[in-house]
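Below is one structure; the comments refer to it alone.
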Amino acid sequence: MPSGPSLRQLHAHHAIHQGGLTGAITKTQEMEDLLRAKEFEVARQAADHLVEYWETRVISHADSEEDGFYREMLQQDPTLEEAVVKLTRDHDLLRIIVADIKEMLVEESLTYEVMQQFHALLVVNAIHSRDEERMLLEEPSK
Ligand SMILES: [Fe+2]
Ligand SMILES: [Fe+2]
């Protein structure tokens, strides 16, 4: 998928990151509220929706970056190779955690360990977005 101009612009790209993270935080909190209210079945459905949200909003953003944006940045400046390798590993961590969550949900349902993994996604994603903006989009003088 071509990345289009928006991924190359700091403010537009930052807005995509911010929107994705804000939605994930809200949905994680809603799932936790349902658990506290002992609405276990609805909480489990919310967990499935949250997995889908991570896949469609965040992992798909990562996929399209690797298909287009990262390659374009590398063609423009080959010294960015190390940054691209690191950022791609971050994407892989998100993919691994999401796959683990899906497996845990099937095998154990919505346990405390699954909740911890959802929080791990929030942390890894926030650090990744910050580093991606800094390494690929901000002016070197900053
Ligand atoms: Fe990314
Ligand atoms: Fe990004």
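Since this is a predicted model, take the numbers as computed values, not measurements.
- Connection of L87 to V124 is not established within any shared hydrophobic cluster, with ILVMFWY side chains joined at heavy-atom distances below 4.5 Å, either directly or through further cluster members.
- Interatomic distance, CE of M73 versus OG1 of T79, reported as 10.0 Å (0.5 Å rounding).
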Stepwise side-chain contact (heavy atoms from CB on, under 4.5 Å) check, M31 with M115 = CA-CA 9 Å; M31 183 181 59; M115 298 301 310; 3.6 Å; yes
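- Annotation for L137 and R8: closest pair CD2-O, 3.5 Å, computed over non-hydrogen atoms.
- Transitive grouping of hydrophobic side chains (ILVMFWY, heavy atoms separated by less than 4.5 Å) brings M104 and L94 into a common cluster.
- When every heavy atom of A43 is checked against every heavy atom of L110, the shortest pair comes out as O-CD2, 3.5 Å.
- Residues that satisfy the salt bridge (Lys or Arg N to Asp or Glu O under 4.0 Å) test with D48, not counting sequence neighbours, are R44.
- Under a hydrophobic-cluster definition in which Ile, Leu, Val, Met, Phe, Trp and Tyr are linked whenever side-chain heavy atoms come within less than 4.5 Å, directly or via other members, L121 and I96 are assigned to different clusters.
- In this structure, L10 is a member of the same hydrophobic cluster as L74, with clusters built from ILVMFWY side-chain heavy atoms closer than 4.5 Å.
- Every pair passing ring pair (Phe, Tyr, Trp, His ring centres under 6.0 Å) that includes a residue from residues 104-129 is listed here, sequence neighbours excluded: H91-H128.
- Cluster membership check: L122 shares its hydrophobic cluster with V51, using side-chain heavy-atom separations under 4.5 Å among Ile, Leu, Val, Met, Phe, Trp and Tyr.
- Remark: A12 engages S6, Q9 in a side chain to side chain contact (heavy atoms under 4.5 Å, CB included) (not counting sequence neighbours).
- Legend: residues meeting salt bridge (Lys or Arg N to Asp or Glu O under 4.0 Å) with D131, ordered by chain and number and at least two apart, are R134.
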Side-chain donor/acceptor pairs under 3.5 Å, residues 13-28, sequence neighbours excluded:
residue, atom, partner, partner atom, Å
H13, ND1, L7, O, 2.7
H13, NE2, H17, NE2, 3.0
H13, NE2, H61, NE2, 3.2
H13, NE2, E65, OE2, 2.8
H13, NE2, E132, OE2, 2.8
H14, ND1, E133, OE1, 2.8
H14, ND1, E133, OE2, 3.1
H17, ND1, E133, OE2, 2.7
H17, NE2, H61, NE2, 3.3
H17, NE2, E132, OE2, 3.0
T22, OG1, Q18, O, 2.7
T26, OG1, T22, O, 2.9
T28, OG1, A24, O, 2.7

Go through the steps for W54 and N125 under the test side-chain contact (heavy atoms from CB on, under 4.5 Å), then give the verdict.
-> CA-CA 10 Å; W54 277 104; N125 186 238; 3.8 Å; yes
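- The stretch residues 79-91 participates, sequence neighbours left out, in these salt bridge (charged side-chain N to carboxylate O under 4.0 Å, His left out) pairs: E82-K86.
- Legend: side chain to side chain donor-acceptor pair (under 3.5 Å) pairs involving residues 98-110, not counting sequence neighbours, sorted by first then second residue: E55-K102.
- Residue V123 is found in a hydrophobic cluster whose other members, listed by chain and number, are I127; membership requires side-chain heavy atoms under 4.5 Å apart, directly or through intermediates.
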Could you walk me through whether L80 and Y70 pass the side-chain contact (heavy atoms from CB on, under 4.5 Å) check?
-> CA-CA 9 Å; L80 290 174; Y70 284 4; over 6 Å; no
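- In this view, E66 and R95 satisfy the salt bridge (Lys or Arg N to Asp or Glu O under 4.0 Å) rule, not counting sequence neighbours.
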